[in-house]
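Here the structure is a predicted model, which is why all the values come from computation and not from measurement.
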Amino acid sequence: MLETVEKSLDPADWKSFRKQAHKMLDDMLDYTENLNTRNVWQPMPANIQAHLHSALTEKNLEEAHADFMQNILPYAVGNAHPRFMGWVHGGGTPVGMLAEMLAAGLNANLGGRNQAPVEIERQVMRWVRDLFSFPETASGLFVTGTSMANLIGCLCAKTNVLGIETRQNGLQKAAELTAYTSTAAHISVAQSLDISGLGTNALRKISVNENYEMDILVLEKAILSDKKEGKKPFLVVATVGTVDIGAIDDLQKIAALCEREKIWFHIDGAFGALAKLSKKIAPRLAGIELADSIAFDFHKWGQVPYDAGFILIRNGDIHQRTFASPAAYLQRQERGLSANSPWACDLGLDLSRGFRALKTWFTLSVYGNEKLGQVIEHTCELANYLKQKIEHSAELELLAPVALNIVCFRFCCENANQVNAEIVIQMQEAGIIAPSSTTLNGQIAIRAAIVNHRTTTSDIDILIESVELFGKKNKSKK
């Protein structure tokens with residue numbers, strides 16, 4: 001006979017649990033409210049690392065929370081901080097944090113079935129569809145991020161040219177497929193060719209012009225050359241907001257070329273695609289509405305807490321044929337929990353999926369497109385403010401055009417590469433400000449990616465002052 005011993009993981013004392021829960025929420029609100037007074041980042045001391053490598057020990061909730069506050073929270077990457085400029089990471093919002101709490105409490109699995117959370121994801125998809133002027137036949141899906149979204153776009157492009165035969169028979173007929181992107185594209189584009197089974201050798205990397213945009217003439221010549229050699233061009237990946245400098249490829253010309261050559265046109269718009277929310281910047285994305293698929297992240301310029309990537313596909317039928325896999329235990333019905341087809345698992349790789357849509361739905365609902373667009377505009381204005389400060393400094397040099405919100409520059413001196421690499425590390429370790437570095441034409445650049453809605457001109461001033469200070473210190477050592 002089954003024992004009647006209580007095995008639930010719910011608290012035995014809900015009153016005490018509520019008190020601790022409110023303290024945890026207050027601690028995170030305090031953390032967010034006072035970010036500006038904290039270090040952007042700090043390295044973990046050896047004793048903290050050792051603690052985090054220790055074996056499992058059971059704790060009560062209060063002890064686990066204390067461990068988090070003391071040993072985890074102070075040593076995060078710091079992207080919520082207004083002076084985090086290292087990579088294109090969004091800052092998140094208190095609204096998004098609360099929405100994530102609600103989603104966790106609901107614990108919905110959005111693989112499918114007849115439930116309101118699925119309808120919320122579909123509602124956000126329709127908002128996205130309208131933002132990019134896609135047809136009603138379009139479909140979309142929340143994913144971890146643009147890396148996964150780029151893979152889905154690649155797989156849909158393969159289905160578009162080869163049908164679903166390769167899903168059963170493999171890639172015997174795919175050996176001649178070729179894809180194209182710029183040398184400035186994100187590494188996930190090549191990874192998509194790799195993971196899809198087509199191989200990275202199927203990807204042609206097209207050179208960029210002086211503005212770091214894909215060279216259309218070189219692209220056209222590469223496509224024609226491949227066709228003469230019996231290859232089958234099937235995918236072009238343009239970028240809206242390149243990794244290093246935030247450049248925007250010429251979407252209209254690429255779209256026209258893809259239309260003429262019957263090639264799937266995919267856009268990696270990881271952060272840049274959401275510039276469509278800005279009335280001032282949106283015209284620069286002309287042609288994005290012509291894409292066959294768009295990959296982007298709400299957790300960057302959209303300020304939604306991690307993770308909240310999205311893939312939008314123009315042809316919903318191709319999208320579904322690429323992934324749908326009927327199974328008896330997933331059989332659909334007209335009524336009951338098994339209704340509401342197609343399900344999200346028909347559109348992507350995951351059957352178990354979290355409720356990413358809710359924090360996005362809250363963010364869009366509470367702040368609105370216009371306010372989010374203004375935040376995006378402001379980060380670009382700050383980038384231009386930084387550009388002007390650099391141009392007026394005798395010790396600093398701009399290393400690339402400022403296309404959107406990313407600024408690449410350096411401190412001028414002998415052994416500039418070594419000095420600028422050290423400047424970045426020292427600023428990060430000091431906790432004052434956290435840019436990153438990259439290499440442009442053989443030169444180490446200090447890279448400031450201004451994404452956070454909390455960043456102000458005073459933070460830009462601190463960046464300039466810190467670069468000059470650490471630059472002079474390192475210069476004197478040489």
Side-chain angles (χ1 to χ4, degrees), residues 28 31-32 35 40-41 76-82 84-104 110 117 120-121 123-125 127-128 131-132 140-153 186-188 239-243 246 267-278 294-312 344 348 350 353-369 371-376 378-380 404-406 434 436 449-455:
M28 291 313 299
Y31 167 78
T32 304
L35 275 166
V40 181
W41 175 83
V77 75
N79 54 289
H81 198 288
F84 179 92
M85 303 175 188
W87 293 267
V88 183
H89 291 184
T93 67
V95 166
M97 179 176 67
L98 293 176
E100 189 79 311
M101 179 186 69
L102 296 177
L110 268 73
I120 289 297
E121 180 160 344
Q123 184 176 39
V124 175
M125 185 279 293
W127 294 346
V128 169
L131 176 66
F132 293 109
L141 192 71
F142 274 95
V143 292
T144 53
T146 294
S147 294
M148 179 60 73
N150 282 339
L151 174 60
I152 291 176
H186 192 269
I187 190 174
S188 63
T239 305
V240 176
T242 55
V243 181
I267 292 176
D268 177 348
F271 76 93
L274 285 182
K276 278 289 289 183
L277 293 170
S278 163
I294 305 173
F296 66 95
D297 293 324
F298 281 109
H299 57 234
K300 291 188 171 75
W301 250 348
Q303 309 298 334
V304 174
Y306 277 85
D307 52 39
F310 202 87
I311 179 68
L312 182 67
D350 299 319
R353 304 175 65 249
F355 197 0
R356 296 184 181 96
L358 188 63
K359 56 192 173 184
T360 307
W361 183 88
F362 261 90
T363 300
L364 293 172
S365 298
V366 172
Y367 298 111
N369 286 0
K371 189 166 186 177
L372 290 171
Q374 290 171 351
V375 167
I376 289 168
H378 183 59
T379 61
C380 293
L404 289 170
N405 61 328
I406 298 176
S436 63
I450 306 166
V451 186
N452 197 316
H453 59 95
R454 302 180 178 96
T455 306

Worksheet item: Which class fits the ring pair F310 and F298: parallel under 30°, tilted 30 to 60°, perpendicular over 60°?
Response: perpendicular
- Which of parallel (below 30°), tilted (30 to 60°) and perpendicular (above 60°) describes H299 and Y306? parallel
| request: Carefully, step by step, assess L110 and F142 under the rule side chain to side chain contact (heavy atoms under 4.5 Å, CB included). | output: CA-CA 10 Å; L110 268 73; F142 274 95; over 6 Å; no
Looking at [X] and [Y], would you say the former's side chain and the latter's main chain have a donor-acceptor pair under 3.5 Å?
X	Y	answer
K300	G309	no
R353	A344	no
R454	A80	yes
N405	G246	no
Q303	G90	no

Just how far is it from atom [atom1] of [X] to atom [atom2] of [Y], taken to the nearest 0.5 Å?
X	Y	atom1	atom2	result
E100	T360	CD	OG1	9.0 Å
L404	I450	CG	CD1	11.5 Å
E121	R356	CD	CZ	8.5 Å
N150	I311	CG	CD1	7.0 Å
L372	L277	CG	CG	6.0 Å

Locate the shortest heavy-atom distance separating [X] from [Y]; write the atom from each residue and the value.
X	Y	answer
H186	S147	CE1-OG, 4.1 Å
T379	N452	CG2-O, 4.1 Å
H89	N79	CB-CB, 3.5 Å
L141	G348	CD2-CA, 3.7 Å
P82	T455	O-OG1, 2.6 Å
S365	W127	OG-CH2, 3.8 Å

Check: Would a 4.5 Å heavy-atom cut-off, applied to side chains only, mark L98 and M101 as touching?
Finding: yes
Exercise. Could you tell me whether the side chain of V88 reaches within less than 4.5 Å of the side chain of I406, counting heavy atoms only?
Key: yes
Practice item. Verify side chain to side chain contact (heavy atoms under 4.5 Å, CB included) between L274 and F296, making sure each step is shown before the conclusion. Key: CA-CA 8 Å; L274 285 182; F296 66 95; 3.9 Å; yes
Side chain to side chain contact (heavy atoms under 4.5 Å, CB included), that's the test. Do Y367 and V95 meet it? Break it down for me. CA-CA 9 Å; Y367 298 111; V95 166; 3.3 Å; yes
Side chain to side chain contact (heavy atoms under 4.5 Å, CB included) for I120 and F355? Distances and angles first, verdict last. CA-CA 9 Å; I120 289 297; F355 197 0; 4.0 Å; yes
* Asked: Are side-chain N/O atoms of D297 and T146 paired as donor and acceptor at under 3.5 Å?
  -> yes
